[in-house]
Amino acid sequence: MKEFDYSVVKHYKFYGFVKTVFGPIFRLFYRLKFKGLENIPEAGTEKYIVAINHTCAMDPVFAAMPKNMPPLHFMAKIELFKNPIVGWVIEHLYGFPVRRGKGDTSAIEYGEKIVREGHIMAICPEGKRVKDKDGVPQKAKSGVAVIAKATNASVLPVAICCNGRIKVGKKVTVSYGRPLSLKDMGLDKEECVASDIKNAANMVMDNILALWEAERNAD
């Protein structure tokens, strides 16, 4: 497997090509519906991280579909990069490898680099795909809060909701919530302890869950 270069955030034209050409196809196949698009910050106005509940491998693709959403750099499990073709596609769609459950500092530091340089990072706070067939959002890991605190970035909660497992032909709703500031998350103090970080991550996940429940109750 080719080593990923964490030293520089690269730009790929392939991303724009895929979004332009295949975006309409994805919208049709998954019957995508978007809510709360007005909550997406205007380009260049603030640093933020997109936090998504982990329903399937398509989560970052779904969240990145709207025209006013900039390219999303996202973590993907390192196993996906072992296939050179799949790895190339993921990398050129701004995915980068993470070793799950092993405290991968390279991925976290790269995520911080992405945000500091003014790009947008997407992260699934749960850390792994939810196996519950109803897709109920689960507890968050600390990564989203760690990166938010380190980069002074707000967090945009995004809920992906589908009645049952996501598959072609089913309606998928992507709901964007109000961005959470460092103050909202309790991360605006000079020094934060582990409990502050955990509470902030839980708050992000609580907001995602509220969006998800509102959509499920609307069906």
Side-chain angles (χ1 to χ4, degrees), residues 1-23 26 40-41 43-44 46-66 69-130 138 140-158 160 174 176 197 200-201 204-205 208:
M1 185 182 80
K2 184 183 113 177
E3 283 294 317
F4 184 84
D5 183 7
Y6 292 100
S7 66
V8 60
V9 180
K10 297 179 181 178
H11 172 73
Y12 297 112
K13 293 181 179 180
F14 182 71
Y15 182 97
F17 169 77
V18 170
K19 184 170 182 176
T20 301
V21 175
F22 293 99
F26 283 124
I40 299 175
E46 64 179 280
K47 291 187 295 185
Y48 66 97
I49 300 163
V50 174
I52 318 165
N53 59 310
H54 203 354
T55 59
C56 68
M58 299 293 292
D59 297 329
V61 177
F62 292 151
M65 283 292 167
M69 177 61 77
L72 297 181
H73 299 251
F74 61 96
M75 291 183 181
K77 61 182 181 180
I78 196 168
E79 290 81 3
L80 294 174
F81 290 81
K82 292 181 179 179
N83 181 309
I85 297 175
V86 173
W88 186 93
V89 171
I90 294 174
E91 181 176 346
H92 284 72
L93 290 177
Y94 294 123
F96 59 98
V98 59
R99 291 177 175 82
R100 297 185 303 177
K102 296 184 179 179
D104 192 348
T105 57
S106 295
I108 293 293
E109 289 170 0
Y110 185 71
E112 294 173 3
K113 183 179 182 66
I114 288 167
V115 179
R116 287 196 179 103
E117 292 188 8
H119 307 289
I120 310 302
M121 179 186 168
I123 187 171
C124 297
E126 295 146 305
K128 60 182 179 180
R129 188 168 56 192
V130 174
Q138 304 296 308
K141 296 187 180 297
S142 298
V144 61
V146 169
I147 297 174
K149 174 60 179 173
T151 58
N152 293 317
S154 57
V155 176
L156 178 70
V158 179
I160 296 177
V174 185
Y176 301 81
I197 296 296
V204 171
M205 209 64 223
I208 293 173

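All residue numbers refer to positions in the sequence shown, counting from 1.
Contact check for F4 versus S106: no side-chain heavy atoms found under the 4.5 Å cut-off. Taking the side chain as every heavy atom from C-beta outward, E112 and V146 approach each other to under 4.5 Å. Side-chain contact check for I208 versus E126: every heavy-atom pair is 4.5 Å or farther apart. By the 4.5 Å heavy-atom criterion applied to side chains, I90 and F74 are counted as neighbours. Within the 4.5 Å cutoff, the side chain of I147 has heavy atoms near those of the M121 side chain. Side-chain atoms of E109 and Y6, non-hydrogen and from C-beta on, never get closer than 4.5 Å to each other. The side-chain heavy atoms of I160 and H54, taken from C-beta on, include no pair separated by under 4.5 Å.
The heavy-atom pair separating P60 from I52 by the smallest distance is CA-CD1, 4.2 Å. Taking both residues in full, the closest heavy atoms of Y94 and K10 are given as CE2-O, 3.2 Å, listed atom of the first, atom of the second, then distance. Heavy atoms only, all atoms of each residue included: V115 and A153 are closest at CG1-CB, 3.8 Å. M69 and A64 get closest at one heavy-atom pair: CG-CA, 3.9 Å.
Rounding to the nearest 0.5 Å places NZ of K77 at 15.0 Å from CZ of R99. Interatomic distance, E91 CD to Y15 OH, rounded to the nearest 0.5 Å: 15.0 Å. Expressed to the nearest 0.5 Å, how far NE2 of H92 lies from NE2 of H11 amounts to 11.0 Å. Between atom CG of residue D5 and atom CZ of residue F96 there is a gap of 13.0 Å, rounded to the nearest 0.5 Å.
If you look at W88 and Y12, their ring centroids are not closer than 6.0 Å.
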Requested in this report: Carefully, step by step, assess V89 and F14 under the rule side-chain contact (heavy atoms from CB on, under 4.5 Å).
Outcome: CA-CA 9 Å; V89 171; F14 182 71; 4.3 Å; yes

